[in-house]
Visitor: 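Just passing along the structure, written as structure tokens.
Letters A, B, ... mirror the listed sequences (proteins, then strands); counts begin at 1. Quantities reported herein were computed from a predicted structural model and do not represent experimental measurements.
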Amino acid sequence: MDITGPRGTYDILPDKVGKWHRLERVMRQTAELYGYQEVRTPLFEHTELFARGVGDTTDIVQKEMYTFQDKGGRSLTLRPEGTAPCARAFIQHRVYSQPQPTKWYYIGPMFRYDRPQAGRYRQFHQFGAETFGSRSPAVDAEIITLMVDIVTRLGLRDYEVHLNSVGCGRCRLEYRRKLAEFLQPLQAELCDDCRKRVDINPLRIIDCKERRCQEVLTGLPVLRDYLCAECAGHFAAVRRYLDQYAIAYVLDDRLVRGLDYYTNTAFELHVAGIGAQSAVGGGGRYDGLVAACGGPDVPGIGFAIGMERLLLALEENLVEAVLPEGLEVFVAYTGEECEVVAHQVLRELRQAGIRTDRDYMGRSLKAQMKQADRLQVALVVLIGEEEMKKSFYTLRDMDTKAQYQIEQAMLVTEIKRILGK
RNA sequence: GUGGGCGUAGCUCAGUUGGCUAGAGCACCAGAUUGUGGCUCUGGGGGCCGUGGGUUCGAGUCCCAUCGCCCACCCCA
């Protein structure tokens, strides 16, 4: 075998799928508890949407997108995140003309071309929630509360919520001046990336991970100190709402989102011990995004949770999986003549809503019993020559090993009775 | 894009200073008085030892390349 799945992808086989069902179920239930409704958008969009909606100075757009041309020559991109597609759908269907706010959630695969490592894949899954249409700080708090609620309901215990505010365009203008003043004499000491960022996107320098940069940057002015009165008030209100619910968080000066349409609140959910990629979730307010995508001036805020990372973090706290609906009855038979009858009985049981299977491997009766045992069925219907001759079926209880003859016409009724159906 | 580790049966792994038909456990299949499961016993199938070159009388074992996986940098979920 030399064909394998593409790099950075993986298969979720049946033995693991129960954990995913559980994740998805809790996420949906919790979001709906908060009044969010599911939205499903395409897995690919016009490349332009992400260039504008994510920002073309970001790593995502610059080097991580799966972009291709379709046969009509359009440039399309597999979605690297879920917010821009939501904004697009919000605008395209003029949802803003409905009563606001609009509260949506989504769940599904995202695609980024990046070197895989622990907790990082090229196709990965996100749960996300977005609220459009309200500037209220109570909404910021709600969205953070929802994120925390989901992970705690799933059993996550050791996590940290990081919180910051990046203000609005006006505050940042002021801050950028201060930042430029501060960086001016230090430029030569910054890393190559940061030297480029000085002009393109100076805010990104703040959270540069290069040790040298971090040393150079001690004493860097803190963005939060330059918030305008309105933004400072908004942030204070968000914090009050979080405190009211006793949602713990740590203020993080280095938590930044660099693009112009990201405003005010920014937050991330971190978990230690799942590898270098400790961010399990993150989000923030993006009051300029809808307008940037060609819509009206409608504010928004949202977050996304990386499901693979959450699963990693949950592994130790053992998530109980949703168990699949196992089989209830196995129809065993001997010989060709009985096979035809067994096939008919199989049909009748299934039509009666009883989860039933039979042998397709030409197994001996002994092997069929073994298979029935492996499948963990409660009952086996045995159809052999003797049963045929005397027109009955043998019904065996696999737990008690009790076995008795039953009139053929009574089989379905009897099985239903035993199974309590 | 950069660096490190690893690649032997379906799975988890052994495989001595390179030496005869490459092993174990689990799984799978078949038997153990011919119509019956879970335990036990016996037997069996299954491996281009990631791939391609090279060194050698001889390579799973050494060298080179390549691919893949894992981890880390960068970045993010």
Side-chain angles (χ1 to χ4, degrees), chain A residues 1-10 13 15 54 57-65 79-83 107-128 147 151 191-194 197 204 207-211 213 255-258 267-271 274-283 302-313 330 332-335 338 359 361-389 394-403:
Chain A
M1 180 64 114
D2 56 349
I3 213 93
T4 56
R7 191 168 166 73
T9 67
Y10 63 99
L13 295 178
D15 63 326
V54 178
T57 63
T58 59
D59 281 11
I60 290 178
V61 172
Q62 284 190 338
K63 49 186 198 190
E64 295 176 4
M65 295 206 302
R79 62 182 189 192
E81 55 96 48
T83 301
I107 188 161
M110 305 293 164
F111 307 85
R112 291 184 201 173
Y113 185 84
D114 202 346
R115 282 292 278 273
Q117 69 183 73
R120 194 169 69 191
Y121 301 90
R122 288 183 173 180
Q123 173 173 340
F124 60 103
H125 297 80
Q126 284 188 337
F127 167 91
M147 179 178 78
V151 298
C191 71
D192 294 348
D193 285 338
C194 283
R197 287 169 179 151
R204 302 277 326 148
D207 64 345
C208 179
K209 304 297 185 299
E210 288 287 326
R211 199 172 304 155
C213 285
L255 179 51
V256 182
R257 335 204 95 205
F267 56 93
E268 283 179 0
L269 181 79
H270 286 271
V271 176
I274 57 169
Q277 309 303 320
S278 68
V280 166
F303 74 90
I305 290 175
M307 296 175 67
E308 283 80 1
R309 290 185 189 176
L310 180 55
L311 228 34
L312 268 181
F330 192 86
Y333 59 91
T334 58
C338 300
D359 172 66
M361 301 305 292
R363 286 184 168 94
S364 66
L365 183 61
K366 180 185 174 73
Q368 289 183 58
M369 292 305 293
K370 193 171 181 178
Q371 179 66 5
D373 185 49
R374 263 191 295 244
L375 293 170
Q376 306 232 285
V377 297
L379 300 168
V380 168
V381 179
L382 175 55
I383 305 170
E385 278 164 35
E386 197 173 330
E387 282 80 359
M388 295 299 287
K389 221 177 291 172
T394 296
L395 197 55
R396 180 181 176 85
D397 183 312
M398 293 297 276
D399 283 330
T400 64
K401 294 175 138 179
Q403 186 167 301

Visitor: When all nucleic acid strands are considered with a 4.0 Å heavy-atom cut-off, which category describes A:G119: base, sugar-phosphate, or nothing?
Guide: base
Visitor: Between B:rC63 and B:rG4, how far is it from one P atom to the other, in whole Å?
Guide: 16 Å
Visitor: From the options B:rU36, B:rG38, B:rC71, select the nucleotide whose nearest atom is closest to the side chain of A:A118.
Guide: B:rC71
Visitor: For B:rA30 versus B:rC39, give the span between their P atoms, rounded off to a whole number of Å.
Guide: 16 Å
Visitor: Measure from the side chain of A:E386, starting at C-beta and using heavy atoms only, and say which of B:rG35, B:rA72, B:rA77 lies closest.
Guide: B:rG35
Visitor: Measure from the side-chain heavy atoms of A:R309 and tell me the nearest of B:rC74, B:rA77, B:rG1.
Guide: B:rA77
Visitor: Taking the side chain of A:L365 as its heavy atoms from C-beta onward, which of B:rC75, B:rA77, B:rU36 lies nearest to it?
Guide: B:rU36
Visitor: What's the closest nucleotide to the side chain of A:A367 if the choices are B:rC74, B:rU36, B:rA30?
Guide: B:rA30
Visitor: Counting the atoms with a prime plus P, OP1 and OP2 as sugar-phosphate, which does A:L269 contact under 4.0 Å by heavy atoms, base, sugar-phosphate, or nothing?
Guide: nothing
Visitor: For B:rC75, does the base pair up with any side-chain atom of A:Q277 as donor and acceptor (N or O, under 3.5 Å, distance only)?
Guide: yes
Visitor: Just checking A:E387: base, sugar-phosphate only, or nothing, at a heavy-atom cut-off of under 4.0 Å?
Guide: base
Visitor: Work out how far the P atom of B:rU51 is from that of B:rC28, and round it to whole angstrom.
Guide: 28 Å
Visitor: Identify the residue among A:L375, A:L379, A:L382, A:D373 that makes a side-chain contact (heavy atoms from CB on, under 4.5 Å) with A:F330.
Guide: A:L375
Visitor: Nearest whole angstrom, please: distance from the C1' of B:rU36 to the CZ of A:R374.
Guide: 14 Å
Visitor: Looking at B:rA72, I'd like to know if its phosphate oxygens (OP1 or OP2) sit under 4.0 Å from a side-chain N or O belonging to A:Q117.
Guide: yes
Visitor: Side chain of A:R120 only, please: which of B:rC74, B:rG1, B:rC29 is the nearest?
Guide: B:rC74
Visitor: Can you classify the ring geometry of A:H125 versus A:Y10 as parallel (below 30°), tilted (30 to 60°) or perpendicular (above 60°)?
Guide: perpendicular
Visitor: Need one value for A:A372: base, sugar-phosphate or nothing, where a base atom within 4.0 Å counts as base even if backbone is also close, heavy atoms only.
Guide: nothing
Visitor: Between B:rC71, B:rC76, B:rU36, spot the one nearest the side chain of A:A279, thanks.
Guide: B:rC76
Visitor: Answer with base, sugar-phosphate or nothing: what part of the nucleic acid does A:E268 contact at a heavy-atom distance below 4.0 Å?
Guide: nothing
Visitor: Under 4.0 Å from OP1 or OP2 of B:rG37: is there any side-chain N or O of A:Q371 that close?
Guide: no
Visitor: Please pick, from B:rC76, B:rG1, B:rU36, the nucleotide with the shortest atom-to-atom distance to any side-chain atom of A:Q403.
Guide: B:rU36
Visitor: As a test of reading the structure: which of B:rG37, B:rC69, B:rC76 is closest to the side chain of A:R112, going by heavy atoms?
Guide: B:rC76
Visitor: Look at all strands and tell whether A:R396 reaches a base, only sugar-phosphate, or nothing, counting heavy atoms closer than 4.0 Å.
Guide: base
